[in-house]
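I have a structure I would like to understand better, so I am pasting it below and will then ask my questions one at a time.
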Protein chains: 2
Amino acid sequence: MTNSIETRSFCCPDHSGQAPAQAILAQAESRVKAQGLRLTPVRRRTLEILLQAHGALGAYDVLEKLAADGFGAQPPVAYRALNFLVDHGLAHRIRRLNAFTACAHPGHDHRAAFLICETCDSVTEAPSEAVGTALGKAARDMGFELSRATIEAVGQCRDCRNGTPTQQGGLS
Amino acid sequence: MTNSIETRSFCCPDHSGQAPAQAILAQAESRVKAQGLRLTPVRRRTLEILLQAHGALGAYDVLEKLAADGFGAQPPVAYRALNFLVDHGLAHRIRRLNAFTACAHPGHDHRAAFLICETCDSVTEAPSEAVGTALGKAARDMGFELSRATIEAVGQCRDCRNGTPTQQGGLS
DNA sequence: GCCTTGACTGTTATGATATAACATAAGATA
DNA sequence: TATCTTATGTTATATCATAACAGTCAAGGC
């Protein structure tokens, strides 16, 4: 493996270094507090785990890491923390993978679209204003009032198309 | 329950009568045969079950009905048939619901978007050319080559917004 | 301070969804 | 019919997710 952090540019550019993750954590902390909620140790650690992962993690992967850190070792521990993060815009659920990923752009509400690479399993959040607009229109044309949407694309990421596939499924 | 078939106009208009379902089955038969494949009894019956359902059905719901008809009663029986239908464009998988629904427009390949009503659980296939185009562009801008996508919207359907909610989760 | 209250965590138990692996049967082809 | 391929059925197990309840902790009122 010759993958320096620099060669893995496609997946999670925002997470690659230490600083951005710290920044996101701090941002999450204040954002959550502003809503009168608490970023408790489990929740904070869960977010850290997601931020450190390049790609999405299953709930049981997260659970394993939480348990190793001394938190509870039963599924509800992980699911509760993950659902909290998802409910408050700090993480996303990737349904196709039965997995979760940290939100790359917390702080502003947004419709998210995900690009899932079949070769390296990376999951990238793509800007999706236009997609959301188109979907909203299609729904409205059918008399449907849209509240939220899941948009997940499967294909091949830039790096893998360029012949520099990297294994990014787990922690870095 | 006073729901005549007519009042349930939002969900699956194409499936509501007997004739369209028969037409879709016939179309499926020839389409599959043209590809050198077979629409075997389990597969055919599975498609019928999906066509008769207003809304999406879970694999175990389908399995139960198949078993009642004398087919195998173990999960792989249902999953194999369902996966066959999905792989050949005769059904769709609704990931948010862990469920399956018959394709409303078989015969032409298309990107499908689904509108899932939170009130009555109906699942409607919406035209999604524009959504697909927007998503394709967003992906291309990130160097991602898109092969297929899951687009699922959650909200409230026309009937439920108009105050005529109907229970449409299962068979008619 | 300390007590109440509500939110959070941990645990047990179970439910729901999905697939691997292998044996048998049915269709197609020569 | 012999053979090959595809499909079906079964057993067993993997994987994902939640209900329900008991104990714990933090914040605000007294």
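When reading the values below, keep in mind they use all heavy atoms of this one structure, side chains included, and skip hydrogens, waters and symmetry mates. Throughout, a chain's letter reflects where its sequence line sits, starting with A, and its residues are numbered from 1. All values reported here derive from a predicted model rather than from experimental measurement.
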- Task: May I have the distance from B:Leu63 (atom CG) to D:dG9 (atom P), rounded to whole angstrom?
- Result: 11 Å
- Residues in side-chain hydrogen bond (donor to acceptor under 3.5 Å, both in side chains) contact with A:Asn83, at least two apart in sequence or another chain: none
- Atom of A:Leu63, atom of A:Gln74 and distance for their closest heavy-atom approach: CD1-O, 3.4 Å
- Task: May I ask you to say whether B:Asp69 pairs ionically with B:Lys65, meaning some side-chain N is under 4.0 Å from a carboxylate O?
- Result: no
- Item | Any residue meeting side chain to side chain contact (heavy atoms under 4.5 Å, CB included) with B:Thr40, in chain and number order, not counting sequence neighbours | B:Arg38, B:Val42, B:Arg43
For residues 143-151 of chain A, which side-chain N or O atoms pair as donor and acceptor with protein atoms under 3.5 Å away, sequence neighbours left out?
unit_1, atom_1, unit_2, atom_2, d
A:Glu145, OE1, B:Arg161, NE, 3.3
A:Ser147, OG, B:Val154, O, 3.1
A:Arg148, NH1, B:Glu118, OE2, 3.1
A:Arg148, NH2, B:Glu118, OE2, 3.1
A:Thr150, OG1, B:Arg96, NH2, 2.7

- Partners meeting side chain to side chain contact (heavy atoms under 4.5 Å, CB included) with B:Ser30 (sequence neighbours left out): none
- Message: Quick check on DNA chain C: between B:Tyr60 and A:Gly36, whose nearest nucleotide comes earlier from the 5' end?
- Response: A:Gly36
- Ignoring hydrogens and angles, tell me if any N or O in the side chain of A:Asp61 forms a donor-acceptor pair with the backbone of A:Gly58 under 3.5 Å. yes
- Query: Expressed in angstrom and rounded to an integer, what is the separation of A:Leu82 atom CG from D:dA17 atom P?
  - Reply: 10 Å
- Where each residue is assigned the nucleotide of DNA chain D containing its nearest heavy atom, which of B:Asn98 and B:Phe84 is assigned the position nearer the 5′ end? B:Phe84
- Message: Rounding to an integer number of Å, can you tell me how far A:Gln74 CD sits from D:dC16 C1'?
- Response: 15 Å
- Report the residue (B:Ala73 or A:Ala99) whose heavy-atom-nearest nucleotide on DNA chain D is the more 5′ of the two. B:Ala73
- Item | For atom OH of A:Tyr79 and atom C1' of D:dT15, their distance in whole Å | 8 Å
- Note on the structure: Looking only at D:dA17, D:dT8, D:dT18, the nucleotide nearest the A:Asn83 side chain is D:dT18
- Task: Provide, to the nearest angstrom, the distance between the CZ atom belonging to B:Phe71 and the P atom belonging to D:dG9.
- Result: 7 Å
- Query: Rounded to the nearest Å, what distance is computed from the CG atom of residue B:Asp87 to the C1' atom of nucleotide D:dA7?
  - Reply: 15 Å
- How does each nucleotide of nucleotides 20-25 of chain D score, in 5' to 3' order, for protein heavy atoms under 4.0 Å: base (B), sugar-phosphate only (S), or none (-)? ------
- Message: Below 4.0 Å from chain B heavy atoms, what is the first contacting nucleotide of DNA chain C and what is the last?
- Response: C:dT17 to C:dG27
- Message: Just to be sure I understand the rule, does B:Arg95 reach a base, reach only the sugar-phosphate, or reach nothing, if contact means heavy atoms closer than 4.0 Å?
- Response: nothing
- Message: Measure NE2/B:His88 against P/D:dT6 and give the value in whole Å, please.
- Response: 12 Å
- Of all residues at least two apart in sequence or in a different chain, which pass the ring pair (Phe, Tyr, Trp, His ring centres under 6.0 Å) check with A:Phe114? A:His92
- Item | A:Arg44: partners by side-chain hydrogen bond (donor to acceptor under 3.5 Å, both in side chains), with sequence neighbours left out | A:Glu29
- Item | Set of ring pair (Phe, Tyr, Trp, His ring centres under 6.0 Å) partners for A:Tyr79, sequence neighbours left out | none
- Query: For B:Glu152, which residues count as a side-chain hydrogen bond (donor to acceptor under 3.5 Å, both in side chains) partner, sequence neighbours excluded?
  - Reply: none
- Message: I'd like to check the side-chain hydrogen bond (donor to acceptor under 3.5 Å, both in side chains) partners of B:Asp87; sequence neighbours left out, ordered by chain and number.
- Response: none
- Message: Rounding to 10°, can you tell me the angle the first-five-pair axis of the helix from C:dG1-D:dC30 to C:dA30-D:dT1 makes with its last-five-pair axis?
- Response: 20°
